[in-house]
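Structure first, then comments.
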Amino acid sequence: MKLNTAYNPKDVEERIYKLWEKSGCFNPDKLPGKRTKKFSVMMAPPNITGSLHLGHALENTMIDILIRMKRMQGFKTLWLPGIDHAGIAAQNVVEKSLRKEGLRRQDLGREKFTEKMWAWKEKYGHIILGQLKKIGALPDWSRTRFTLDHDYAKAVQEAFIHYHKKGWIYRGERVINWCPRCETGISDLEIEYREEKGKLYHIKYPLADKSGFITVATTRPETMLGDAAVAVNPKDGRYKHLVGKFVALPIQNRRIPVIADRGVDMDFGTGAVKVTPAHDVADFEMSLRHNLPKIKIIDEKGIMANTAGPICEGLKAIECREKVVAELQKFELLEKTEDYVHNVAFCERCSAKIEPRLSKQWFLKMAKLSESAIKTIKSKETALHPKKWEKMALNWLKNIRDWNISRQLWWGHQLPVWFCKNQTGVFNFQFSISKQKKGKNKIKDDNFIVSLEKPKECPICKNCEMEQSVDVLDTWFSSALWPFATLGWPQKTADLKTYYPTDYIASAREILNLWIIRMIFSGKEFTGKSPFKTAHIHATILTKEGKRMSKSLGTGIDPLLLIDKYGADATRFGLIYQNLGNQDIRFAEDAMITGKKFCNKIWNATRFVLLQTENFQFSIFNFKTISKLKLSKYDKKILNDFKKTKKEIEKQLEKYEFGKALRKLYDFFWHDFCDVYIEKSKQQSANPKLAKNTAQILFYILTNSIKMLHPFLPFITEEIWGGLKSEGLQTDALIIESWPK
RNA sequence: GGGCAGUUAGUUCAAUGGUAGAACGUCUGUUUUACACACAGAAGGUUGUAGGUCCGAUUCCUACACUGCCCACCA
């Protein structure tokens with residue numbers, strides 16, 4: 001076997017990956033030998049929007065390391081890959097590309113637009129998975145899933161129906177986060193807050209009996225058009241005498257009451273707050289306590305509705321603000337304005353300003369589900385790693401609110417809800433809530449049924465063609481089923497039986513609540529078992545300056561460029577080398593250079609050892625013939641160091657300390673083996689008594705090191721292994737070789 | 001506003017109740033039977049600030065500062 005003096009990844013990687021693909025051994029059904037124990041992991045399915053970033057590269061390298069090691073250790077290993085349809089995110093990407101042609105999704109209509117989405121998915125869906133190959137990730141390509149696949153969709157519908165039967169799904173009118181650009185409701189987790197310089201407007205509301213004014217402070221004066229009350233704290237001496245009186249709402253000339261509510265902070269602003277039930281979450285809740293009307297003044301596009309009054313109708317909310325302020329000034333009702341910095345909510349996906357808005361949505365009751373998730377985490381049925389995330393998760397679960405699972409999007413799973421065309425449901429929120437509290441599941445004023453198939457006959461009017469709800473489910477509703485829906489649930493498949501629950505999942509911390517926890521309670525609910533034994537919340541990769549890597553800031557680093565520059569193994573090395581269990585990695589490219597140098601070191605150590613074999617017959621591969629009597633102290637030391645290193649690595653990987661394991665291996669191979677033993681071996685080889693033993697030990701340490709290095713540096717090790725094989729070593733491909741004993 | 005981390009060599013990070021280590025970078029030397037992507041060696045740190053416990057703290061405790069993250073309906 002002739003090796004060049006330097007390792008060149010470009011000559012190797014593509015060829016080696018093809019070899020693995022051809023071997024089929026990514027598929028656990030095709031693995032050789034009896035494998036009684038299984039090890040399974042679900043890939044976090046990337047979006048059809050994204051391209052590979054360093055987070056994916058790190059996450060999937062960690063999983064790949066575990067899978068490769070476990071496969072060598074004789075486990076039946078499944079790593080299941082897939083793609084997420086990513087509702088709002090994907091829809092926005094396609095909408096953006098349409099906008100370049102001057103089109104909006106509404107111009108195409110739902111059906112045409114959805115066709116575009118599917119075309120997009122066909123074109124881009126597999127690109128990111130293909131990119132994973134470049135980093136050496138080898139999941140079971142034969143089991144690739146997509147969250148809108150036919151079978152998967154069925155699982156999603158079944159899940160909805162299950163919850164509905166339990167009485168946990170209800171339809172309600174609530175103030176939710178509304179994105180006027182996407183024209184959909186979104187969850188609390190899909191908004192981001194940014195600090196913005198605004199103004200705090202102090203507005204005088206005249207008392208109805210003309211005895212004076214009450215001044216309220218607000219950042220959004222335009223919402224006063226929908227006010228239903230002025231609220232003060234019941235303990236506030238300044239306003240006690242006003243509670244129960246009425247004020248004349250300026251511009252709108254409506255009479256609204258002054259109410260007392262414990263939720264009002266006496267120390268903020270004037271201590272009196274305007275209440276806009278239809279456009280503020282806190283005000284909405286207050287309106288329930290005081291039975292106030294909920295007047296919607298802003299429509300789904302963020303335009304003032306006719307309820308906003310003749311002078312404001314048709315204006316954008318921000319234009320309306322100016323108009324309202326001008327009107328107030330005209331009547332000398334604007335007491336003062338102050339500069340005020342506050343957090344403003346934006347749509348995470350399109351950066352439009354969120355407009356809280358009263359809207360009819362579907363909710364999933366969280367009380368029982370969060371309880372079950374809390375139990376699962378506390379009992380360690382699923383361990384969160386590192387442990388500090390447990391607290392975060394439990395804290396979120398304890399304060400959880402019902403989950404708004406409906407979205408007014410076009411890309412996603414439509415609800416298995418069918419409406420009667422003839423009977424228009426008259427919906428009353430308070431009515432339905434009180435009914436539910438008494439445990440009565442039937443909300444008789446709604447005109448729908450829940451069913452997997454379209455009913456042949458409408459059970460409500462017996463006369464109409466029922467129409468399916470146009471809403472789709474929150475994308476996370478379907479991702480929450482990922483660990484078992486991908487294995488065939490609700491069918492009782494062999495895969496489900498064999499591979500569920502899975503052993504490990506790796507995830508970025510920002511989706512701990514969005515995804516990990518929701519998988520936990522979904523798994524418990526539908527299968528009785530939590531979907532994974534360990535959820536590893538891995539480090540976030542930051543820029544060297546400690547800033548978030550993001551495309552929009554131009555701070556992202558493309559892993560494909562790193563692979564091109566240093567090779568896949570060196571890139572893996574660099575990522576794992578920096579991953580030492582801390583929450584953040586300040587990305588330093590130095591580590592990839594270290595990785596590249598290490599690959600070269602391994603390469604040349606191999607060249608040296610092979611030179612030593614030239615004088616011997618193939619019996620050198622039989623390590624049983626190493627003479628224990630002839631061991632020098634250096635022989636003993638390296639054999640002992642090797643044993644210690646192996647133990648240490650297994651221990652660290654058991655704890656998911658990938659970086660520590662890699663550093664251990666690095667130190668052993670470079671310093672103990674190359675710097676010391678190889679140098680000593682040169683002297684020993686000159687001694688005829690020791691020569692054969694030395695060569696055998698060199699070979700033994702090298703081959704077993706290559707095995708242990710393989711999960712970390714799969715390409716170079718497989719390439720070297722192939723070379724050893726051509727030298728006459730009786731062996732399979734390294735990927736299915738057995739772990740050192 | 002509440003909570004969680006981190007702050008150590010030029011850079012990215014380790015470690016430890018008893019005078020701090022690695023990688024990359026820098027400097028000097030070396031082509032010695034794999035590797036100059038190497039080898040041998042060197043320089044480089046009053047371990048964020050201020051207190052406290054201790055014979056002794058970078059390590060434990062308390063404040064503070066800065067950085068990052070999570071949670072939260074303050075108009």
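Just so you know, these numbers use all the heavy atoms, side chains as well, and skip hydrogens, waters and symmetry mates. Residue numbering restarts at 1 for every chain, and letters A, B, ... go by the order of the sequence lines.
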Contact class for [X] vs. all strands (heavy atom < 4.0 Å): base, sugar-phosphate, or nothing?
| X | result |
| --- | --- |
| A:Cys599 | nothing |
| A:Tyr577 | sugar-phosphate |
| A:Tyr340 | sugar-phosphate |

Among [options], the one nearest [X] by side-chain distance:
| X | options | answer |
| --- | --- | --- |
| A:Phe268 | B:U12, B:G25, B:C74 | B:C74 |
| A:Thr594 | B:A38, B:A34, B:A23 | B:A23 |
| A:Leu580 | B:C13, B:C73, B:C71 | B:C13 |

Between A:Ala588 and A:Lys596, just flag the one whose closest nucleotide in RNA chain B comes earlier from the 5' side.
A:Ala588
Tell me whether [X] is salt-bridged to [Y], with the criterion being a basic N under 4.0 Å from an acidic carboxylate O.
| X | Y | answer |
| --- | --- | --- |
| A:Lys565 | A:Glu589 | yes |
| A:Asp227 | A:Lys274 | yes |
| A:Glu222 | A:Arg220 | yes |

Suppose we screen for salt bridge (Lys or Arg N to Asp or Glu O under 4.0 Å). Which residues come up paired with A:Lys707, at least two apart in sequence or across chains?
A:Glu737
Suppose you measure atom C1' in B:G51 against the same atom in B:A65; what distance do you get, rounded to whole Å?
15 Å
Looking at B:C4, does its base get a donor-acceptor pair with the side chain of A:Lys391 below 3.5 Å?
no
Would you say the base of B:A34 and the side-chain of A:Glu679 have a donor-acceptor pair closer than 3.5 Å?
yes
Going 5' to 3' through nucleotides 27-33 of chain B and flagging B where a protein heavy-atom sits under 4.0 Å of the base, S where only the sugar-phosphate is that close, and - otherwise, we get -------
If you write RNA chain B from 5' to 3' in dot-bracket form, with Watson-Crick or G-U pairs under 3.5 Å, [ ] for crossing pairs and | for pairs with another strand, what do you get?
(((((((..((((....[..)))).(((((.......))))).....(((((..]....))))))))))))....
